[in-house]
Amino acid sequence: MAECTAPEPLQRTASSVPALLRRRVSQTPDRPAYRFPEGGGWRTITWAQAGQRVDAIAAGLLTLGLEREQRVGILCATRVDWILCDLGILCAGGATTTVYPSSTPEETSFILGDSDSRICFVEDHQQLDKLRAEKHRLPALHKVILIDGITDAGADGDWVITLDELEALGRLHLSTSPDAVTRVIDTIKGSELATLIYTSGTTGTPKGVELLHECWAYEADAMMSLRLYVIDDVEYLWLPLSHSFGKVLMAGQIANGHLVAVDGRIPKLIDNLAIVRPTMMAAAPRIFEKVHAKVVQGAKEGGGLKWKIFQWAVAVGRRASKARQEGRDLGPVLRAELAVAERLVFAKLQARFGGRLRFFISGSAPLSREIAEFFHACDILILEGYGLTETSAASFVNRLSRFRFGSVGFPLPGTEVRIAPEDGEILIKSPGVMRGYHNLPEQTAEVLHDGWLRTGDIGEVDARGFLRITDRKKDLIKTSGGKYVAPQHIEGKLKASCPFLSQAIVHGDRRNYCTALLTVDEEAIAKWAADHGQGGKSYADLAASPEVRALLQGYVDQVNATLARYETIKKFAVLPQDLSIEAGELTPSLKVKRKAVEKKYAATLDGMYDGVQT
Ligand SMILES: Nc1ncnc2c1ncn2[C@@H]1O[C@H](COP(=O)(O)OP(=O)(O)OP(=O)(O)O)[C@@H](O)[C@H]1O
Ligand SMILES: [Mg+2]
């Protein structure tokens, strides 16, 4: 096995995010820090302004009696206030507990109760209602801070105050005790709890992961050592901050000091990109799959000539991409062809992202190699990374000048890696690894030994030292014929090849062949239906129609032709509705909860092994 190490050295500079923030504010007080929607437009605040608000929030929390490492919840969508409240909690010596805004009242109450949160920030009245409904189960929660809206003293007494009121309290405290927050920051130790963040819950109940100040400070330093960022970058941040991927981006941005535009509303994404014109953005693979499907389908529907030009341009782009990856010169002919392809096809795609993009980062789930290659052919670089909540998100990432599609790149500097010889499990040791699972000593002992974390993922290191993730260990399918199948790999191929698919779940453990549950993309299939005389049919009717089955069969056959015989999808079922977070089939970070889906559609799956075609 080739060595799996970071190509660059690690430079340590900080021991906590509050210390990083203080340094950032003093080094570049007047540079823009955060841009966010306000009224009908966008507003930008500088690092000095952000620092002042964070201090006021921190001092307000101290006034409320917040003690070291005490948990404070945030129940809010991605927006600038999330960031400022999180930083306020950290600067007051508390520890942030993250709750997804899509969580039900019961899930919210589980997390706030499990974490023993004393205070909770809530975005608005809708989120506040969840806490009101669960108040009787949360005796430790003595204060709620409302970010948007006004309080209702009649209903809540002094249980709820507004964020403005908290900041006013904080400013008052600072007027008499100007060093109150500085004194806390100066004494924060790397070994203190900073964040209690819950895993996505893809494989079961979310587990509270204890991440220390040292974890985030290390991640920030390691990201800086990669030299991915430049100070003039404009980042677009929409990922849920309740997830570790969003959180680690926050730490990296403070270390580098570039501007980040923050808006978590996914329906606004396309419009916002044209306004913000980011130079970099991180996303989950689903976004790239969607854009890819839309672009390919749009070109196909453009008809004969448009489709031919598109295919030609992508083929040229692929040749150029290959040459660049191999470090070869393009030569005059390819360079000329590329210029035409760029003008006719790629420029339009790049314009969708605002036209200034340097690179994307993809993480949190596998990105199929086919999709990464397609984007690179269009001169858009997606750097895939890999990590777990348990490792403070980023453990591996491809580099700007050293990347390999289908791989997650090299470890961050300071991250040690081993591949378990018996089963290929990836083991990670780094300052970013969690202290343990909150209140779960047995589960902690199962995964942590001598500082090494068992990731539960299987991987392979190639001859050049790039790591490829095969699958989750528990998701590997062993067919009754004794062959191992990695479902993620086949699912990625299906989604990359068929622009009508939204999800694919490959099944086959202890069965004698593989099958798949498929869902179609509502928008794409409705358009296809309208163009093929099936307009006006409901989603469920289309999913059940022989025409859609025949359409999908063509793509499944194409993918089957690239697979080993024992991996091929012998039968598939089209589900009557798409998977959703609400139905408990997707995590809030948009991952498929395989077990939940297989359970719900158990009869459909069984039917595919009875000789019955569903
Ligand atoms: N680039 C990637 N390729 C493949 N898998 C990835 C990648 N990035 C992350 N993952 C998967 O995501 C997992 C980490 O995700 P996260 O910590 O959000 O919770 P989860 O493992 O999905 O949920 P839970 O632990 O609650 O079941 C990794 O263990 C890995 O399986
Ligand atoms: Mg996990």
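Remember, it's 1-based here, ligands and their atoms both numbered in the order they're listed. We use all heavy atoms of the structure for the numbers below, so side chains are in, but hydrogens, waters and symmetry mates are not.
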[X] neighbourhood, listing ligand 1 atoms whose heavy-atom distance to it stays under 4.0 Å:
{"X": "H243", "result": "18 (O)"}
{"X": "V408", "result": "1 (N)"}
{"X": "E384", "result": "1 (N), 2 (C), 3 (N)"}
{"X": "K207", "result": "25 (O)"}

Does ligand 1 come near enough to [X] that some N or O of the ligand is less than 3.5 Å from an N or O of the residue?
{"X": "G201", "value": "yes"}
{"X": "K591", "value": "yes"}
{"X": "L388", "value": "no"}
{"X": "Q488", "value": "no"}

Among all the protein's non-hydrogen atoms, which is closest to [atom], and how far away is it?
{"atom": "atom 10 (N) of ligand 1", "answer": "S364 O, 3.6 Å"}
{"atom": "atom 21 (O) of ligand 1", "answer": "R472 NH1, 2.9 Å"}
{"atom": "atom 19 (O) of ligand 1", "answer": "S200 N, 3.3 Å"}
{"atom": "atom 22 (O) of ligand 1", "answer": "T202 OG1, 2.5 Å"}
{"atom": "atom 31 (O) of ligand 1", "answer": "D457 OD1, 2.7 Å"}
{"atom": "atom 17 (O) of ligand 1", "answer": "T389 OG1, 2.6 Å"}

pair P240-P588: side-chain heavy atoms closer than 4.5 Å: no
So do F396 and S407 actually touch side chain to side chain, heavy atoms under 4.5 Å? no
Among [options], which residue places a heavy atom closest to [atom]?
{"atom": "atom 6 (C) of ligand 1", "options": "S395, A365, S368", "result": "A365"}
{"atom": "atom 14 (C) of ligand 1", "options": "P588, G387, P366", "result": "G387"}
{"atom": "atom 7 (C) of ligand 1", "options": "Y198, F396, Y437, Y386", "result": "Y386"}

Which distance, rounded to the nearest 0.5 Å, do you find between the OH of Y437 and the CD of E210? 11.5 Å
Check whether any heavy atom of G385 sits under 4.0 Å from an atom of ligand 1. yes
Evaluate the ring-ring contact (aromatic ring centres under 6.0 Å, His included) criterion for residues F410 and F466: first the C-alpha distance (whole Å), next the side-chain angles of each, then the deciding distance (0.1 Å), finally the verdict. CA-CA 6 Å; F410 304 111; F466 289 92; 4.5 Å; yes
